[in-house]
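Residues take their numbers from the sequence shown, with the count starting at 1. Quantities reported herein were computed from a predicted structural model and do not represent experimental measurements.
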Amino acid sequence: MGAVQRGRHILIALLLVFFVMMPQVQAAGLESPDELEAFFDGVLTLQLREYNVPGAAVALVKDNEIIFSKGYGFADLENRIPMDPETSLHRPGSNSKILVWTAVMQLVEQGVLDLYTDINTYLDFSIPSKIDGREAPPITLHHLMTHTAGFEDEVIELFVSKPELMHPLSEYVKTHLPARVFQPGSVMAYSNYGTTLAAYIVELQSGQSFSDYARQHILIPLGMDSSTFEQPLPASFSAQMSQGYRYENGRFIRGGFEYVQSYPAGALTSTVHDMVLLIMAQLNRGMPVQLPAAEDAEAEGEAAPESAEGEGETEAADTEVRILQEKTAELMQSQQFAAHPEIPGMTYGFIEANYNGHRVLSHGGDTLLFSTGLYFLPEENVGLYVVYNSSVTDRARAWLLQAFMDRYFPRSELEQSLVPSEPRPITAGTESNYTGTFHSSRSNFTGVESVLRLAQPMYLSVDDEGYLNITAYGKTSRYGEIAPNLFQELNGPEKIAISFDEGKVTRIHFAGPSTWLRSAWYDSPGFITTLLAVSFLFMAVTMLGWIRGVFQPQPRRRPFVAPKVLGVLFFLLLITVAVLFADIISTTHPDFGIPTVVLEPSSTLNAALILTKILMGLAGLMLLTCVYLLATAKGSRRQRLHFILFTLSSLSVAFVLYQIHLF
């Protein structure tokens, strides 16, 4: 069996090299359907096997036409229903956001909204004006659309387990308001809430629910007849819904329908063909592909009049069918924020990327059971959309896009002839300015979800050759400097920018809305876990000593009962809290395989948070007891010293609870 597995991995590696290296020999054209089918068959069939995905579907568009589309594997494994790009419904996830930004831009061009006005002007509640107690500039739609509003991230109850837990959008945006943690316009921090807030502004200013607005002003004009924001799905849609799966212990597990409470940010249901209609509207700068008026004129053999009056009529008709005016679409697709001139940034809603010298606008989408990728090349008038009915995040779609770009849009001969800047080591003696632990700007900083920062660190170090090593998610990449504060991957095209403060690297900027911030030494996973481990070990050993002392009484010693009672209470309560949090993490939802606490209210979590507050109170009481013992000289010197150390351990635990907001 091991030999078979090794052979499989060798085959996969060879095929991957084949698909990536082909373009270096000769760039292929998009004219041959057979060649396109061979390419996508090769990559997607391989991906389904490599990533354990039941089904996928893809569509490629160019010059207002779908030039290739195909399904792979199954939309329903149990009933052997194949994946179909035209009819199989799926959840595009965060690609739903494109409809929000399109709706905002529609109201901007109508003069209803302004991109640089304080959003409190449009809301029926107020976004706090302060950050950490200090007045901050107002948040605008420009900030929301570029993910620079400065909100912290929240995951709990973004998805819910059943429709009964869904709340109206007007309630959700008020009860789930995240803290403002960054100055607006200073840091890109991807925000589902920011998108949802923009959709709520559309609701308030249009007088329609966002779902109705999107259907009337975007979905229907584009001909996206198989798309809806409704949850649960209407009966007419349910039969076409692809199942979503996860792979565990060698088998596929079917999930249920995903209920997204922050629905404008990720609850769209659609088909691959519908999603490429959205892409083509962007490629056409706001003009839908299906133009009934133009088709009627062609059927009747009518030519467009050349008179000024005729031009005016044509322009009026053009305006009537557009979802965006051309200038508005161009503004939406132009860069609006970037951390560095050489690093791709954000447009109004799209993530920029550079592949082989070609500008690509994109967005990814991940739900609990689906992963999707939406890409288009504005200059080449080409777009690509792919869906996998399993949550493989960006691994599969990034591989597909890179292979596609290398195959069909390699670097030009001119670009290949240019000698790139050679990545070089950093200046010797400055290594300590770079090394450290970093966390994503897309994190929670004020709630119980802060603990997730400990589980997702990024480490920056300098190797013996002087190159930067960035380690995250089990992968290490090496970078060399090519310009001041600009680095490039040694074995790849990726560029990163870094920011300094007082001689230390404080931020690492990747392409798109991805920024990593230096963690304070006392907030790093290494320090916190070590502090907890040492404190717990000392308290456990002390408990054993006290228990042993019960069976070996020494009456000559001064009584020292009250301090020991406090210590025992603290330790037992700490064990109880640890058991409760272990239960919270291990109790997973059968349909989605994630902790249930993420999807629905948890009485266990509420109880654990009450107990952590008591823990912190006990730690404070133990500190007061220490002061009393020192002032009155109660107990022996050894007893007092031991209790002081025990109290320091309890205060260390309280410090950790405070740092990760588990209270």
Side-chain angles (χ1 to χ4, degrees), residues 152 156 179 437 439 443-457 519-550 560-587 595 597 602-631 634-635 638-663:
E152 68 177 348
I156 291 178
T437 304
H439 58 268
S443 297
N444 189 277
F445 298 90
T446 67
V448 295
E449 296 175 52
S450 296
V451 71
L452 295 176
R453 282 186 285 123
L454 298 180
Q456 301 169 334
S519 302
W521 63 269
Y522 53 81
D523 203 21
S524 66
F527 175 79
I528 286 180
T529 53
T530 301
L531 185 63
L532 272 180
V534 171
S535 300
F536 183 85
L537 182 61
F538 180 82
M539 287 189 285
V541 171
T542 299
M543 287 295 108
L544 291 175
W546 285 349
I547 292 171
R548 182 182 177 185
V550 171
F560 202 72
V561 177
K564 288 184 178 181
V565 169
L566 286 176
V568 170
L569 283 175
F570 186 92
F571 187 74
L572 292 178
L573 199 57
L574 178 60
I575 295 294
T576 303
V577 168
V579 170
L580 288 177
F581 277 112
D583 178 69
I584 291 168
I585 294 171
S586 62
T587 303
V597 67
S602 169
S603 57
T604 306
L605 176 61
N606 294 334
L609 293 177
I610 291 172
L611 293 183
T612 57
K613 290 180 174 67
I614 297 174
L615 266 180
M616 297 184 76
L618 276 176
L621 185 57
M622 291 170 68
L623 179 61
L624 293 176
T625 303
C626 278
V627 174
Y628 172 77
L629 292 175
L630 290 173
K634 293 286 186 180
R638 182 179 177 182
Q639 287 174 325
R640 291 196 300 271
L641 177 60
H642 202 100
F643 185 73
I644 289 171
L645 293 176
F646 194 98
T647 299
L648 288 175
S649 296
S650 70
L651 291 173
S652 296
V653 172
F655 170 79
V656 170
L657 294 175
Y658 176 80
Q659 282 298 107
I660 57 180
H661 299 277
L662 290 182
F663 63 92

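- Taking the side-chain hydrogen bond (donor to acceptor under 3.5 Å, both in side chains) definition, one finds that Ser519 meets it with His439, sequence neighbours left out.
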Quiz prompt | Stepwise side-chain contact (heavy atoms from CB on, under 4.5 Å) check, Ile644 with Leu630 | solution = CA-CA 9 Å; Ile644 289 171; Leu630 290 173; 3.8 Å; yes
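- Residues Met539 and Ser649 share a closest heavy-atom pair of CG-CB, 3.8 Å.
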Please output the side-chain donor-acceptor pairs of residues 570-579 that fall under 3.5 Å, not counting sequence neighbours, one pair per line with the distance.
from   : atom 1 : to     : atom 2 : distance (Å)
Thr576 : OG1    : Leu572 : O      : 2.9

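- The list of salt bridge (Lys or Arg N to Asp or Glu O under 4.0 Å) pairs with a residue in residues 532-545, not counting sequence neighbours, is empty.
- For the salt bridge (Lys or Arg N to Asp or Glu O under 4.0 Å) condition, no pair includes a residue of residues 573-586, sequence neighbours left out.
- Separating the CG atom in Leu611 from the CG atom in Leu618 is a distance of 10.5 Å, to the nearest 0.5 Å.
- Side-chain contact between Phe538 and His642 is present, with heavy atoms from C-beta onward closer than 4.5 Å.
- Residues satisfying the side-chain hydrogen bond (donor to acceptor under 3.5 Å, both in side chains) criterion with Ser602, sequence neighbours excluded, are absent altogether.
- Taking all atoms of both residues into account, the shortest heavy-atom contact from Val597 to Ile584 is CG1-CG2, 3.7 Å.
- Within the structure, the side chain to side chain donor-acceptor pair (under 3.5 Å) test picks out no pair touching residues 614-628 (sequence neighbours left out).
- In plain terms, the two heavy atoms of Leu580 and Ala607 that are nearest each other are CD1-C, 4.5 Å.
- Taking the side chain to side chain contact (heavy atoms under 4.5 Å, CB included) definition, one finds that Val565 meets it with Val561, Leu569, sequence neighbours left out.
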Quiz item: Step by step, would you call Phe646 with Lys564 a side-chain contact (heavy atoms from CB on, under 4.5 Å)?
Solution: CA-CA 10 Å; Phe646 194 98; Lys564 288 184 178 181; over 6 Å; no
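- Residues Arg640 and Leu629 approach most closely at CD-O, 3.5 Å, considering heavy atoms.
- By the side-chain hydrogen bond (donor to acceptor under 3.5 Å, both in side chains) test, Ser450 is found to be paired with Asn444, residues two or more places apart in sequence or in another chain being considered.
- For Tyr522, the ring pair (Phe, Tyr, Trp, His ring centres under 6.0 Å) test picks out no residue, with sequence neighbours left out.
- Screening Leu537, Leu531, Leu532 for a side chain to side chain contact (heavy atoms under 4.5 Å, CB included) with Ser535, the sole residue that qualifies is Leu531.
- Thr604 pairs by the side-chain hydrogen bond (donor to acceptor under 3.5 Å, both in side chains) definition with nothing, not counting sequence neighbours.
- When the side chain to side chain contact (heavy atoms under 4.5 Å, CB included) test is applied to Ala562, no partner is found at least two apart in sequence or on another chain.
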Ignoring hydrogens and angles, write down the donor-acceptor pairs under 3.5 Å from the side chains of residues 650-663, residues two or more places apart or on other chains.
from   : atom 1 : to     : atom 2 : distance (Å)
Ser650 : OG     : Thr647 : O      : 2.6
Ser652 : OG     : Leu648 : O      : 2.9
Gln659 : NE2    : Asp523 : OD1    : 3.4
His661 : NE2    : Phe445 : O      : 2.7

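- Ring orientation note: the planes of Trp521 and Phe527 are nearly perpendicular, at an angle over 60° on the 30°/60° scale.
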